[in-house]
Number of protein chains: 2
Amino acid sequence: MNNTVANKTKIKSCRDEARSTCALANGLDLVGDRWTLLIIRDLMFTNRNEFGHFVHSGEGISTNILTDRLERLLQCEIITKLPHPTHGKKNIYQLTDQGLALFPVLIELILWSYNTIKDTFVPESVYQMMINDRETLYQKIKTRQPLFVLDL
Amino acid sequence: MNNTVANKTKIKSCRDEARSTCALANGLDLVGDRWTLLIIRDLMFTNRNEFGHFVHSGEGISTNILTDRLERLLQCEIITKLPHPTHGKKNIYQLTDQGLALFPVLIELILWSYNTIKDTFVPESVYQMMINDRETLYQKIKTRQPLFVLDL
DNA sequence: ATAGTTACTTGCAAAACACAAGTAACTATT
DNA sequence: AATAGTTACTTGTGTTTTGCAAGTAACTAT
């Protein structure tokens with residue numbers, strides 16, 4: 001048995017039925033689509049944390065898809081949703097520890113994509129830290145300091 | 001400019017039009033779906049390398065989807081396709097260097113999934129190497145030694 | 001009181017997917 | 001040489017997901 005990590009603290013697979021017990025297959029059921037990791041990218045690397053921020057982040061996600069993905073991520077406890085301190089209609093989304101743990105996945109996928117696909121870019125400041133000082137980058141992200149403060 | 005890696009050696013984004021120049025978004029357009037990385041998992045960790053192997057690998061991919069994904073991966077030069085040495089109808093699929101470079105992405109996603117999602121598993125032998133000796137694991141994979149020889 | 005913002009929901013067309021069945025080329029069996 | 005089986009697909013059909021545009025209720029700013 002390799003099941004050395006306590007199962008209690010883990011989430012359920014969030015699909016009605018998992019297609020297999022393969023860790024990868026289950027992971028892909030959660031984050032294996034074209035939008036989910038982009039939302040997590042915004043939460044991890046930038047100060048975007050509201051519904052409208054994601055809509056206007058430039059990738060062009062439509063609002064019904066965004067609603068669906070946020071709902072799924074909430075159910076799986078990859079993100080949390082808190083009421084905005086001053087604006088009554090808004091909510092603030094944040095990565096949970098399980099969401100923050102996606103850091104290495106994002107880093108590796110970003111690097112692979114950048115190294116492999118033509119005409120793709122990574123913000124210079126993030127790229128330098130990914131290459132030269134990934135540990136510091138991870139610490140910043142774990143303490144929820146956005147690397148990239150955008151005027152939203 | 002962070003574009004320090006020669007663009008010449010890179011693949012085109014393989015979509016009719018990329019939605020953005022974000023490396024992550026482009027990467028997700030290639031491998032951000034529920035099947036592609038499972039095919040690559042088989043190619044990387046097991047001796048499955050024929051069409052029929054993927055069909056019967058247990059996840060239940062249907063043949064039209066498999067055909068489509070293999071075609072996409074071929075176009076993007078993540079895999080190659082060679083005629084089978086003895087069986088005239090079969091082909092052998094193999095990861096290219098760009099496909100092999102997905103190793104860290106797969107490892108991190110497998111670990112995240114296993115640590116995060118209940119009742120998921122990773123073959124013991126692979127798990128031990130992922131944790132204790134990832135470098136040796138990577139060398140084995142780069143030299144295309146399957147870790148996991150299955151009776152197919 | 002009014003206009004604008006925000007986070008959604010709804011409706012509809014298009015695309016992707018799942019499933020079953022079919023097919024042409026090849027291989028193995030007799 | 002004939003037949004049966006295998007293999008890698010393709011095709012057809014129904015269902016699900018997605019994309020896009022428009023709408024809406026609650027809230028905020030003027």
Side-chain angles (χ1 to χ4, degrees), chain A residues 14-20 25 28-39 42-43 47-75 79-94 150-152, chain B residues 14-20 25 28-39 42-43 47-75 79-94 150-152:
Chain A
C14 291
R15 287 251 162 190
D16 305 336
E17 43 190 285
R19 41 183 177 172
S20 80
L28 289 170
D29 281 343
L30 290 188
V31 301
D33 74 281
R34 286 176 59 227
W35 295 112
T36 302
L37 288 180
L38 290 176
I39 296 168
D42 280 349
L43 288 168
N47 56 332
R48 287 194 270 253
N49 55 13
E50 300 171 11
F51 190 92
H53 296 165
F54 305 128
V55 172
H56 299 115
S57 80
E59 307 289 354
I61 191 170
S62 51
T63 57
N64 53 347
I65 302 291
L66 178 56
T67 301
D68 177 78
R69 294 303 188 278
L70 289 173
E71 187 53 45
R72 254 169 54 181
L73 290 171
L74 280 167
Q75 273 190 8
I79 63 174
T80 56
K81 180 184 188 174
L82 299 166
H84 191 283
T86 64
H87 191 294
K89 193 82 197 292
K90 290 183 179 178
N91 294 292
I92 301 290
Y93 297 93
Q94 268 193 310
L150 304 167
D151 221 20
L152 298 167
Chain B
C14 291
R15 287 250 162 191
D16 304 334
E17 43 189 286
R19 40 183 178 173
S20 80
L28 290 170
D29 281 343
L30 291 188
V31 301
D33 75 280
R34 287 176 59 227
W35 294 113
T36 302
L37 289 180
L38 290 176
I39 297 168
D42 279 350
L43 288 169
N47 55 333
R48 287 193 270 252
N49 56 12
E50 301 171 9
F51 190 92
H53 296 164
F54 305 128
V55 172
H56 300 114
S57 80
E59 307 290 353
I61 190 170
S62 50
T63 57
N64 52 348
I65 302 292
L66 178 56
T67 301
D68 176 79
R69 293 303 187 279
L70 289 173
E71 188 52 44
R72 254 170 54 180
L73 290 171
L74 279 167
Q75 273 190 8
I79 64 173
T80 56
K81 179 184 189 173
L82 299 165
H84 191 284
T86 63
H87 190 297
K89 194 80 198 293
K90 289 184 181 179
N91 295 294
I92 300 291
Y93 297 93
Q94 268 193 311
L150 303 167
D151 222 19
L152 297 170

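Chain naming here is simple, since letters A, B, ... match the order of the sequence lines and numbering starts at 1 in each. None of these values were measured; they are calculated from a predicted model.
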Exercise. Given side chains that start at C-beta, do those of Leu28(A) and Trp35(B) come closer than 4.5 Å, heavy atoms only?
Worked result: no
Problem set entry | Distance test, side-chain N/O of Trp35(A) to OP1/OP2 of dT17(D), below 4.0 Å | no
Problem set entry | Audit row: Ile79(A), Leu43(A), side chain to side chain contact (heavy atoms under 4.5 Å, CB included) steps and yes/no | CA-CA 9 Å; Ile79(A) 63 174; Leu43(A) 288 168; 3.7 Å; yes
For this session: Evaluate the criterion salt bridge (Lys or Arg N to Asp or Glu O under 4.0 Å) for residue pair Asp33(B) and Arg34(A); output intermediate values, then yes/no.
Result: CA-CA 7 Å; Asp33(B) 75 280; Arg34(A) 286 176 59 227; over 6 Å; no
Exercise. Are any of the side-chain heavy atoms of Phe51(A) and Thr67(A) separated by less than 4.5 Å?
Worked result: yes
For this session: With a 4.0 Å heavy-atom cut-off, tell me which residues in residues 59-68 of chain B come close to DNA chain D, sorted by residue number.
Result: Thr63(B), Asn64(B), Thr67(B)
For this session: State, without any angle test, whether Gln94(B) and Thr80(B) hold a side-chain donor-acceptor pair at a distance under 3.5 Å.
Result: no
For this session: Specify the separation, in whole Å, of atom CG of Asn49(A) and atom P of dT6(C).
Result: 13 Å
Exercise. Atom CZ of Arg72(B) to atom P of dC9(D): distance rounded to whole Å?
Worked result: 17 Å
Problem set entry | Side-chain heavy-atom pair Phe54(B), Leu70(B) within 4.5 angstrom cut-off | yes
Exercise. Heavy atom of residues 86-93 of chain A under 4.0 Å from DNA chain D: which residues?
Worked result: Thr86(A), His87(A), Gly88(A), Lys89(A)
Exercise. Is the phosphate of dC17(C), meaning OP1 or OP2, less than 4.0 Å from a side-chain N or O of Arg69(B)?
Worked result: yes
Exercise. So, for Thr63(A) and Val55(A), which heavy atoms are closest and what is the spacing to 0.1 Å?
Worked result: CG2-CG2, 4.1 Å
Exercise. What is the distance, rounded to the nearest whole Å, between atom CD of Glu50(B) and atom C1' of dA25(C)?
Worked result: 16 Å
Problem set entry | Sub-4.5 Å side-chain heavy-atom contact between Thr36(B) and Leu30(B) | no
Exercise. Which of these passes side chain to side chain donor-acceptor pair (under 3.5 Å) with Glu50(B): His56(B), Lys90(B), His87(B)?
Worked result: Lys90(B)
For this session: Let me know the distance between CG of Asp29(B) and P of dT18(D), rounded to the nearest Å.
Result: 14 Å
Seminar exercise, completed: From CG of Asp33(B) across to P of dA15(C) the rounded distance in Å is 18 Å
For this session: I would like to know whether Lys81(A) and Ile92(A) meet side chain to side chain contact (heavy atoms under 4.5 Å, CB included); could you show each step before the answer?
Result: CA-CA 6 Å; Lys81(A) 180 184 188 174; Ile92(A) 301 290; over 6 Å; no
Exercise. So, for Pro83(A) and Asn91(A), which heavy atoms are closest and what is the spacing to 0.1 Å?
Worked result: CA-OD1, 3.7 Å
Exercise. Is the distance from OP1 or OP2 of dA15(C) to the nearest side-chain N or O of Arg34(A) less than 4.0 Å?
Worked result: no
Exercise. Whole-Å distance between dA8(D) C1' and His53(B) NE2?
Worked result: 12 Å
For this session: Write out the stems for DNA chain D, ordered by first number and formatted as range with range, counting runs of at least 3 consecutive Watson-Crick or G-U wobble pairs under 3.5 Å.
Result: C:1-30 with D:1-30
